[in-house]
A.B. asks: 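This is the structure, below, for whatever I ask next.
Note that this is a predicted model, so its numbers are computed, not measured. Order of the sequence lines sets the chain letters (A, B, ...), proteins ahead of strands, with each chain counted from 1.
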There are 2 protein chains.
Amino acid sequence: MIALTISEENYLKALYHLYQPDEGIGTNAIANHLNTKPASVTEMLKKLSEKKLLTYEKYQGVILTKKGYASALNVVRRHRLWEYFLVDKLNLKWDEVHDIAEQLEHIQSDVLIEKLDMYLGHPKIDPHGDPIPDKEGKMCIVNCCCMSEIKLNTKAKISGVKNHTTAFLKHLDKIELVIGKVVKIKERNEFDQSVALEINKKVLHISKDVAQNLLVEKVK
Amino acid sequence: MIALTISEENYLKALYHLYQPDEGIGTNAIANHLNTKPASVTEMLKKLSEKKLLTYEKYQGVILTKKGYASALNVVRRHRLWEYFLVDKLNLKWDEVHDIAEQLEHIQSDVLIEKLDMYLGHPKIDPHGDPIPDKEGKMCIVNCCCMSEIKLNTKAKISGVKNHTTAFLKHLDKIELVIGKVVKIKERNEFDQSVALEINKKVLHISKDVAQNLLVEKVK
DNA sequence: AATATAATTTAGTTTCACCTAAAAAAATAT
DNA sequence: ATATTTTTTTAGGTGAAACTAAATTATATT
Ligand SMILES: [Mn+2]
Ligand SMILES: [Mn+2]
Ligand SMILES: [Mn+2]
Ligand SMILES: [Mn+2]
């Protein structure tokens, strides 16, 4: 099993992230996700298809094979382990780590990743609340839903973000709505879909945009 | 100051390692060091010369500029910091880290390296006894000389290796001649240049090849 | 069903970092 | 000083991964 190029790994990871049940992934969506052009995507899909990492038929959209899925998950594993390292050990902020992990995820060394995983204590969740696949690709199912879909007067714990941009993460830091915080949904405004939360007796109003990008898990 | 490519960084680092006072570095030497061909080297030298990282005149051999030297040292800094991390934190062995550091040294992020340096406690020496340049390029002068040049009956501390191959490092592990050990040079054989050392009352015989690749520093 | 629009593929270029083979220059030996 | 060898450069080419523009196929609209 010959090593993949950085570009190939990035395509596999993109396909993993773009996957939707019962839908082939389109060239446009991939190009958009990777900031390239559809023509470049077509070329790469042909290459990956020859390597049996995905099934590709002209105009049909693309699906990862078992092998391709495993490779993609491995890249995701490395990305999230590095993010965990950067936040937990090097004290970088959760909005600073993604771009660095985009580079680190391509370092080729199985022993490195095993040692890193051990050193970090086999973490299950990355700094943004995303699950970290283990060596075999298994990961915990994060039982979460979107903040904008939760019923009134339920208690919920912030468990992750859908939007990973620096701008959004910094905003959450500013309003102190970080992972682990427990909130109670008090009110949902019809007009602008904004939400009022209660956090330790205090009330916090968040916009629709924020609510839509926050993942929470219900609390007893 | 636009970022350098991996290849450009590797050339600069090679030039740093190949540098000899009062000698331009030749195309062949560089090609040999980088496992590429002289023709490829010539091309890259032209490019780096245009970027003012070195001075290049056809057939004259090449010398790093201030700017080029600083960039090279920065790559060396990153390489050695990562090696220190891999050994000190991840418990990899000193013969396993070089190839991984060859990849890690190219990760582009100043804040990452600053944080890593801080996390490691600003180490001054890498696992092979080589000095780690600081942010400004300063590094401690390691006051060492080759084991094969040391006078009889002097005490010396193993301080580094000239040969960085896995084979050599593993051999040193086997004979337990690792960095920090204090030895006394008891005998030097005329015939094969092998050396007899005394380590805690016990005698150890090492070959010429080993002696020539070991760096030591004198001890009171 | 015919047409318009959107998605995808093909064709032809570009840049980077490498290569081989041949030419040119420099260094060494006779 | 000339001839030989070694080093370095030039010329021409390759493969990977991108690009633009044009052609093709699929989907949506009338
Ligand atoms: Mn990320
Ligand atoms: Mn993440
Ligand atoms: Mn090294
Ligand atoms: Mn080293």
A.B. asks: Verify the contact: side-chain N or O of Lys37(B) to OP1 or OP2 of dT20(C), cut-off strictly under 4.0 Å; return yes or no.
C.D. replies: yes

A.B. asks: Quick one: are Lys67(B) and Leu54(B) in side-chain contact, heavy atoms under 4.5 Å?
C.D. replies: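 Not touching, per the 4.5 Å side-chain cut-off.
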
A.B. asks: Within 45 degrees of the ring normal and closer than 6.0 Å to the centroid, is that where the cationic atom of Lys89(B) sits relative to Tyr119(B)?
C.D. replies: yes

A.B. asks: Please determine if a side-chain N or O atom of Thr36(B) lies less than 4.0 Å away from the OP1 or OP2 oxygen of dC19(C).
C.D. replies: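 For Thr36(B), the contact criterion (side-chain N or O under 4.0 Å from OP1 or OP2 of dC19(C)) is met.
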
A.B. asks: For the side chain of Asn213(B) and the backbone of Asp209(B), is there at least one donor-acceptor N/O pair under 3.5 Å apart?
C.D. replies: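 Yes, Asn213(B) side chain to Asp209(B) backbone: donor-acceptor pair under 3.5 Å.
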
A.B. asks: Does Asn35(A) reach a base, just sugar-phosphate, or nothing at all? Heavy atoms under 4.0 Å.
C.D. replies: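 Sugar-phosphate, backbone atoms only, no base.
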
A.B. asks: With heavy atoms under 4.0 Å as the rule, sort Ser7(B) into base, sugar-phosphate or nothing.
C.D. replies: sugar-phosphate

A.B. asks: Nearest nucleotide by nearest heavy atom, which residue falls closer to the 5' end of DNA chain D, Ile6(A) or Tyr59(A)?
C.D. replies: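 Of the two residues, Ile6(A) wins.
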
A.B. asks: For Thr42(B), report the nucleic acid contact type (base, sugar-phosphate, nothing); a contact means any heavy atom under 4.0 Å.
C.D. replies: base

A.B. asks: Please determine whether a side-chain nitrogen or oxygen atom of Asn28(A) lies at a distance below 4.0 Å from atom OP1 or OP2 of dA6(C).
C.D. replies: no

A.B. asks: Using a cut-off of less than 4.0 Å, is there contact between a side-chain N or O of Lys58(A) and OP1 or OP2 of dT10(C)?
C.D. replies: yes

A.B. asks: Between Lys46(A) and dT10(C), does any side-chain N or O lie under 4.0 Å from OP1 or OP2?
C.D. replies: yes

A.B. asks: Are any of the side-chain heavy atoms of Ile63(B) and Tyr56(B) separated by less than 4.5 Å?
C.D. replies: no

A.B. asks: Quick one: is Ser40(B) getting a side-chain N or O under 4.0 Å of the dC19(C) phosphate, OP1 or OP2?
C.D. replies: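 Yes, such a contact exists.
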
A.B. asks: Choosing from dA21(D), dT8(D), dT10(D), which nucleotide comes nearest the side chain of Ala39(A)?
C.D. replies: dA21(D)

A.B. asks: Kindly say if Tyr56(B) contacts the phosphate of dT9(D), meaning a side-chain N or O under 4.0 Å from OP1 or OP2.
C.D. replies: yes

A.B. asks: Taking OP1 and OP2 of dT9(D), is either one under 4.0 Å from a side-chain nitrogen or oxygen of Thr27(B)?
C.D. replies: yes

